[in-house]
Undergrad: 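So that we are looking at the same thing, I have put the structure below in structure tokens.
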Amino acid sequence: MKLRYFIPIVVALVGMFTGCSEDNDPIYLDNIRVSSSYVSLSTAGGTTDVTLTTTADWSFDESLVPEWLTISPMNGSAGTTTLKFSADAAEGRTAYLKLNCGGQTQEFNIIQGIAKVEKATCAQVIAGADAKTYLVTGVCTAIANTSYGNWYINDGTGEVYIYGTVDASGKYNWASFGIEVGDEVTVQGPKTTYNGTVELVDVAVVKVNKSLIKVDSLSSKEPLPLEGGEITAVVTCKGDGINVEIPADAKDWLFISAITSKSVTFRALPNEGGDRSTTVTFKTYSGSKEYTSQTTISQKGAILEVPIADFLAAEVGDTQFRLTGVITELYASDKQGKSFYIADYTGKTLIYRAEGFIEAGAKVGDVVTVVGKRGAYKDSPQMVSGTFEELKYAVTKVSIAEFREKADDKETYYMISGVVSEATEDNTKNDVEKYGNFNLTDETGSVYIYGVTEGWGGPKGTFGNLGVTWGDKLTIIAYKTTYKDVVEGVGMFFASEKAE
């Protein structure tokens, strides 16, 4: 299956894909794998085989199978199956099929010969029926993925997402097409609608008219520095003049300082915020026809050190954030083992594939610092493009008896669990409404807890917000100290269970 990106990402100064996948890694459905989703049948008739592997029962949507096409088998059980697609001799037929398995859908594009299709505008495609094949000419406005050829086409009447670009053999061979942002391209393929996004799937490229303007290079491959500076775009233009458009939201920090027939120099002001970038459009004309090219200019920014709640409230973008918190659990769905959740006193977030995490040897309960960007997957916030910056405190899980034997040290933390019970020693007090003063008792003994915050970095005096009371089981991360011969633990909340 092809990578689904619905963020208009273009020729970039630095790689800026975000989300829950590596930029160009092949992505397969959890329950379905096929040797090819593009099936080409000979005009003389015959059969084409496709290998299907599933983890559950599967079946084709029979309503989409045309009378001229035979599929064997139409359904089956988990395992590996050879699908046979057969048709009699014919010229110019297409079909768009769906196979369902375990709540997921695999799409198939069937083509026999060259389909005779009338040309349509993007607006007509958007308004048209799914499964119908369209021939569209428009300008490539953005390229989302170069493994499978996922990009956007716009003809002035609307914009359509191209989900897969195949060559004559049905392979995803993006480099062979030579398509760049600004090129005028004619494509042909069937329409589908996925989560409200109109797509042409596994299109064939009919014609490519290269743009009369192209950004050949930038004077630096690195983002502009925090203090600002200049960067020059070298341009090849075969049209009538150069027009440069800077997006409205970047005009307060990026300006044109010089322009010639072969280059455009930009100046960026000092950056007092996080990382920022913008996509600049270069235009030229030949008669009444407009040609475009684009490049992305980026600038380094400060790393914003914020509570997790502020990170969650931020917009998805390139700003760098620094978060410190406790690892609450590992993210099991990440097969690379680089993802985990952290929490502080304000909230919790997923850290998706932080480089250096595995090497650091961090575990659940440890206090860590990470740096990365605010991303999202299906509207769920997460940190992406992140780096594991520091294992701030390696936390050891111990019994209460073991905790009592540790040396006093405010820079060493332990994880301890027990039942919240009343303190009875001299120089102690009981309080579960505000600060969190009580005994924590397990099968090995008790220790006096002198204050518990709601989480890492939290203020004192808010223990009552946790709703923990006498008899509840409580897990905290605490350091050990001694006051007037009373052994004490001072720490932060990790987890709790209500008394039965």
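What you see below is based on every heavy atom in this structure, not just the backbone, and it leaves out hydrogens, waters and symmetry mates.
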Undergrad: Return yes if a side-chain donor-acceptor contact under 3.5 Å exists between Asp155 and Thr157, otherwise no.
TA: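 The answer is yes; a qualifying pair exists.
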Undergrad: Less than 4.0 Å between a side-chain N and a carboxylate O, is that true for Glu315 and Arg374?
TA: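 Not counted as a salt bridge, because no side-chain N and carboxylate O are separated by less than 4.0 Å.
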Undergrad: Less than 4.0 angstrom from a charged side-chain N to a carboxylate O is my criterion; do Arg267 and Glu230 meet it?
TA: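 A salt bridge is present here (some side-chain N lies under 4.0 Å from a carboxylate O).
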Undergrad: Taking all atoms of both residues into account, what is the closest heavy-atom pair of Ser421 and Phe438, and its distance?
TA: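 Taking every non-hydrogen atom into account, O-CB, 3.4 Å.
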Undergrad: Under the salt bridge (charged side-chain N to carboxylate O under 4.0 Å, His left out) criterion, do Glu222 and Lys300 qualify, and how do the steps go?
TA: CA-CA 9 Å; Glu222 298 298 323; Lys300 287 284 189 181; over 6 Å; no
Undergrad: When you check the gap from the basic side-chain N to the acidic O, do Lys480 and Glu405 get nearer than 4.0 Å?
TA: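 No, no charged N to carboxylate O under 4.0 Å.
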Undergrad: Taking the basic N atoms (NZ, or NE/NH1/NH2) and the acidic carboxylate oxygens, is any pair closer than 4.0 Å for Glu184 and Lys210?
TA: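 Looking at Glu184 and Lys210, the cut-off is not met.
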Undergrad: Does the side chain of Phe340 come within less than 4.5 Å of Glu329's, by heavy atoms?
TA: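 Answer no - side chains too far apart.
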Undergrad: Would you say NZ of Lys473 has more than 12 non-hydrogen atoms from neighbouring residues, nucleotides or ligands within 6.0 angstrom?
TA: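 Count not over threshold, so no.
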Undergrad: Using a 4.5 Å cut-off on heavy atoms from C-beta on, say whether the side chain of Leu323 contacts that of Ile342.
TA: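 The answer is yes, as the side chains (C-beta and beyond) meet within the 4.5 Å cut-off.
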Undergrad: Going by distance alone, is a donor N or O of one side chain under 3.5 Å from an acceptor N or O of the other, for Thr444 and Asp442?
TA: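 Judged by distance alone, the side chains do pair up.
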Undergrad: If you compare all heavy atoms of Asn31 against all heavy atoms of Gln104, which two are closest, and at what distance to 0.1 Å?
TA: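 Taking Asn31 first and Gln104 second, the nearest heavy atoms are N-OE1, 2.9 Å.
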Undergrad: Is a side-chain donor-acceptor pair under 3.5 Å present for Tyr393 with Glu411?
TA: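 Result is yes, a qualifying pair exists.
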Undergrad: Kindly determine whether Tyr291 and Lys283 satisfy side chain to side chain contact (heavy atoms under 4.5 Å, CB included), including the steps that lead there.
TA: CA-CA 6 Å; Tyr291 296 87; Lys283 294 183 178 181; over 6 Å; no
Undergrad: Less than 6.0 angstrom from the centroid, inside 45 degrees of the normal: does Lys338 satisfy that with respect to the ring of Phe357?
TA: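 Lys338 over Phe357 ring: no.
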Undergrad: Search all heavy atoms of Trp456 against all heavy atoms of Asp344 and return the closest pair with its distance.
TA: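 Here Trp456 and Asp344 meet closest at O-CB, 3.3 Å.
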Undergrad: Under a 3.5 Å cutoff, is there a donor and acceptor pairing between the side chains of Asp472 and Ser496?
TA: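 No donor-acceptor contact under 3.5 Å links the two side chains.
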Undergrad: Got Leu350 and Met383 here, is their nearest side-chain heavy-atom distance under 4.5 Å?
TA: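 Not in contact.
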Undergrad: Would Val166 and Val203 count as a side chain to side chain contact (heavy atoms under 4.5 Å, CB included) if you check the C-alpha gap in whole Å, the side-chain angles of each, and the deciding distance to 0.1 Å?
TA: CA-CA 6 Å; Val166 297; Val203 301; over 6 Å; no
Undergrad: Does either side chain, that of Thr141 or that of Glu159, offer a donor lying less than 3.5 Å from an acceptor on the other one?
TA: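 Their side chains do contain a donor-acceptor pair, which is all the 3.5 Å distance test asks for.
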Undergrad: Are Phe311 and Phe321 close enough that their ring centers fall under 6.0 Å?
TA: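 That pair passes the under 6.0 Å test.
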Undergrad: Could you measure the distance from the CD1 atom of Ile242 to the CD1 atom of Ile213? Nearest 0.5 Å is fine.
TA: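 If I round to the nearest 0.5 Å, the distance is 4.5 Å.
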Undergrad: Would you please test Ile449 and Ile416 for side chain to side chain contact (heavy atoms under 4.5 Å, CB included) and show each step?
TA: CA-CA 11 Å; Ile449 303 302; Ile416 54 177; 4.2 Å; yes
Undergrad: Classify the side-chain pair Asp408/Tyr479 by whether it contains a donor and acceptor separated by less than 3.5 Å.
TA: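 No, because no side-chain N or O of Asp408 sits under 3.5 Å from a partner of the opposite role on Tyr479.
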Undergrad: For a 4.5 angstrom cut-off between non-hydrogen side-chain atoms, does Val432 reach Val468?
TA: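 No, side chains not in contact.
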Undergrad: Under a 4.0 Å N-O cut-off, is there an ion pair linking Lys363 with Asp366?
TA: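 Yes, charged N to carboxylate O under 4.0 Å.
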Undergrad: Check Ile126 against Lys191 and note the closest heavy-atom contact, atom names and distance.
TA: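 Taking every non-hydrogen atom into account, O-NZ, 3.1 Å.
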Undergrad: Once you measure the plane-to-plane angle for Tyr161 and Tyr163, does it fall in the parallel (<30°), tilted (30-60°) or perpendicular (>60°) bin?
TA: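 It falls in the parallel class, under 30°.
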Undergrad: Tell me, with the steps shown, if Thr324 and Thr369 meet side-chain hydrogen bond (donor to acceptor under 3.5 Å, both in side chains).
TA: CA-CA 4 Å; Thr324 297; Thr369 300; 2.9 Å; yes
Undergrad: Might you work through the side-chain hydrogen bond (donor to acceptor under 3.5 Å, both in side chains) test for Thr462 and Glu454, ending with a clear yes or no?
TA: CA-CA 7 Å; Thr462 61; Glu454 290 183 74; 3.0 Å; yes
Undergrad: Do Val244 and Ile259 have side chains that get closer than 4.5 Å, going by heavy atoms?
TA: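 Val244 reaches Ile259 side chain to side chain.
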Undergrad: Once rounded to the nearest 0.5 Å, what's the spacing between atom OG1 of Thr349 and atom CD1 of Ile308?
TA: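 Thr349 OG1 to Ile308 CD1: 6.5 Å, rounded to 0.5 Å.
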Undergrad: Would you say Phe282 and Thr295 make side-chain contact, with heavy atoms under 4.5 Å?
TA: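 Side-chain contact under 4.5 Å: yes.
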Undergrad: Is the closest side-chain donor-acceptor distance between Thr193 and Glu199 under 3.5 Å?
TA: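 No donor-acceptor contact under 3.5 Å links the two side chains.
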Undergrad: Strictly by modelled atom types, are Glu488 and Thr481 linked by a side-chain donor-acceptor pair under 3.5 Å?
TA: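 Judged by distance alone, the side chains do not pair up.
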Undergrad: Decide side chain to side chain contact (heavy atoms under 4.5 Å, CB included) for Lys262 and Val234; before the verdict, give the C-alpha distance in whole Å, the side-chain angles of both, and the deciding distance to 0.1 Å.
TA: CA-CA 6 Å; Lys262 295 183 179 180; Val234 178; 5.8 Å; no
Undergrad: Using the side chain to side chain contact (heavy atoms under 4.5 Å, CB included) definition, which of the options Leu254, Thr319, Asn271, Asp318 pairs with Arg276?
TA: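 Result: among Leu254, Thr319, Asn271, Asp318, Asn271 is the only option passing the side chain to side chain contact (heavy atoms under 4.5 Å, CB included) with Arg276.
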Undergrad: Just to verify, which of Thr236, Thr292, Thr284 counts as forming a side chain to side chain contact (heavy atoms under 4.5 Å, CB included) with Leu212?
TA: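 Of Thr236, Thr292, Thr284, side chain to side chain contact (heavy atoms under 4.5 Å, CB included) with Leu212 is met by Thr284 alone.
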Undergrad: Among Trp151, Tyr148, Tyr172, find the one that has a side chain to side chain contact (heavy atoms under 4.5 Å, CB included) with Thr165.
TA: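 Result: among Trp151, Tyr148, Tyr172, Trp151 is the only option passing the side chain to side chain contact (heavy atoms under 4.5 Å, CB included) with Thr165.
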Undergrad: Hey, is NZ on Lys498 packed in by over 12 heavy atoms from elsewhere, all under 6.0 Å?
TA: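 More than 12 within 6.0 Å, yes.
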Undergrad: Where is the tightest heavy-atom contact between Val235 and Asp216, given as atom of each residue plus distance?
TA: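 Closest heavy-atom pair between Val235 and Asp216: C-OD2, 3.8 Å.
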Undergrad: I need the minimum non-hydrogen distance between Val181 and Gln294, along with the two atoms involved.
TA: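 That closest heavy-atom pairing would be CG1-OE1, 3.1 Å.
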Undergrad: Just how far is it from atom NZ of Lys171 to atom OG of Ser176, taken to the nearest 0.5 Å?
TA: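 It comes to 11.0 Å.
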Undergrad: What distance do Tyr448 atom OH and Asn439 atom CG have between them, rounded to the nearest 0.5 Å?
TA: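 Output value for this atom pair is 8.0 Å.
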